[in-house]
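Everything on this sheet refers to the single structure shown next.
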Amino acid sequence: MAGERKEGQSWLAPINLAVTLLWSKINPPMMLAMSYVLSTLWCCKERLLKWWIICCQGKVKGKRNLSISSEVGLLSYSTREWKGETIQAKQMRKAYEALFQRHHVKFILQVRGDNYCAIRAVLYQVFRKGLSFPSWIKEKDLVKIPERLLFSQGCNWIQQFSFGPERYAGPNVSVKLRRCLEALKTQWTEIIGAKDREERETMCNVLFSDEDKEYKLYEAVKFILLYLVMEAHDKMMNGQTVPTFFSVLFARDSSLDPLSFMINHLNPVGDTGGLEQVEMFLLGYALEVNMRVFRLYKIDKVDFLTYYPEEHPREWHQVSLVTEDDRHYNIPMFHDK
């Protein structure tokens, strides 16, 4: 047995020696390579972190970019969505062709077509462009407005404000509104602070893939619309000048005052209905952006291209929308991919 053991060891000795020599040759280069890999990972840690966040969001939600799709070619989208030879299909394909040829729209971002659609499409562009807060918001403590209206100005009817599908919040409405406004202010501040466009787009992709966070942003915007309607109504009652569209808004039997506006037009947003045309003027006014809207079903008519609001300061930035029916909005992209 001892002889067999010695014979086995004699065979192993050359192998051990060969392995040792080989390792001594490759060890320094391997260590250098590992050092290079680790240093590269360290330098790219921010991008890797962004990638990891997006992946985690996708796993949690089951989809990436849940509410705003990636870019698709405008004409391929038109062909896919409007097949056949009906009058409407031909008209829509013609409208998309005009958008491509005359207005140089090459791509489109599809926006999820729920009843937050218009707010989502506009807010996404505001964030993606890194636009700053509207001037009037900079002058006010936004998150304290609900409490001030409820407890200092006696506007108890605000407790009837509904949060999309959640139709009644009752006494907790001021707390919920504060949380929504805080979320909007925080997300907006973080995106403004992004170092470049690439980082902003990454942050937007994450944000607009999180339904809970989105929900808070849209409800905050709804409350901002209500607040501006209340301010405009007070000014009109005191004989002060307000933008023309407010006169149209208050001329409707369903929105003669802020309460009826909230009940009949604002509360359904996110639940059973979206923004109507006059509310689109209000949305642009509230966010201080000029909304350029291509209304495709109006092809060959003067209002094919409409601006909300029509009158606005020159320094306001512009965002663009495409609609086939004044209810669902997508985002046109003008750059070359």
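For reference, positions follow the sequence shown, starting with 1. What you are looking at is a predicted structure, and each value in this text was computed from that prediction instead of being measured.
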Test salt bridge (charged side-chain N to carboxylate O under 4.0 Å, His left out) applied to D141 and R148, step by step
CA-CA 10 Å; D141 191 345; R148 179 162 57 81; over 6 Å; no
side-chain contact (heavy atoms from CB on, under 4.5 Å), that's the test. Do L217 and L207 meet it? Break it down for me.
CA-CA 10 Å; L217 302 185; L207 176 59; 3.8 Å; yes
Stepwise salt bridge (charged side-chain N to carboxylate O under 4.0 Å, His left out) check, E231 with K140:
CA-CA 13 Å; E231 277 203 332; K140 299 180 183 292; 3.6 Å; yes
Please lay out, stage by stage, how F107 and Y77 fare under the test ring pair (Phe, Tyr, Trp, His ring centres under 6.0 Å).
CA-CA 9 Å; F107 304 94; Y77 173 83; over 10 Å; no
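Note that CE of M262 and CG of D257 are 10.0 Å apart. Values are rounded to the nearest 0.5 Å. Expressed to the nearest 0.5 Å, how far CG of L177 lies from CD1 of I224 amounts to 10.5 Å. The line from CZ of R252 to NE2 of H265 is 3.5 Å long, rounded to the nearest 0.5 Å. Once rounded to the nearest 0.5 Å, the distance linking OG of S254 with CZ of F261 reads 10.0 Å. Here the straight-line distance linking atom OG of S78 with atom NZ of K83 works out to 11.5 Å at 0.5 Å rounding. Note: T323 OG1 to H328 NE2 = 8.0 Å, rounded to the nearest 0.5 Å.
Within the 4.5 Å cutoff, the side chain of R93 has no heavy atoms near those of the E97 side chain. Using a 4.5 Å heavy-atom threshold, the side chains of N330 and L109 count as separate. Within the 4.5 Å cutoff, the side chain of F294 has heavy atoms near those of the R292 side chain.
Taking the six-membered ring for Trp and thresholds of 30 and 60 degrees, Y218 and Y116 have ring planes inclined between 30 and 60 degrees apart. Relative orientation of the F245 and Y285 rings is perpendicular, given thresholds of 30° and 60° on the angle between their planes. Taking the six-membered ring where the residue is Trp, F223 and F161 present perpendicular rings, their angle passing 60° and hence far from 30°.
A salt bridge links K176 to E166: at least one charged side-chain nitrogen sits closer than 4.0 Å to a carboxylate oxygen. Here D325 pairs with R327 in a salt bridge; the nearest charged N to carboxylate O distance falls below 4.0 Å. With respect to E279 and K222, no salt bridge is recorded, no charged nitrogen being found less than 4.0 Å from a carboxylate O.
When the shell of 6.0 Å around CZ of R80 is examined, it contains more than 12 heavy atoms from other residues, nucleotides or ligands.
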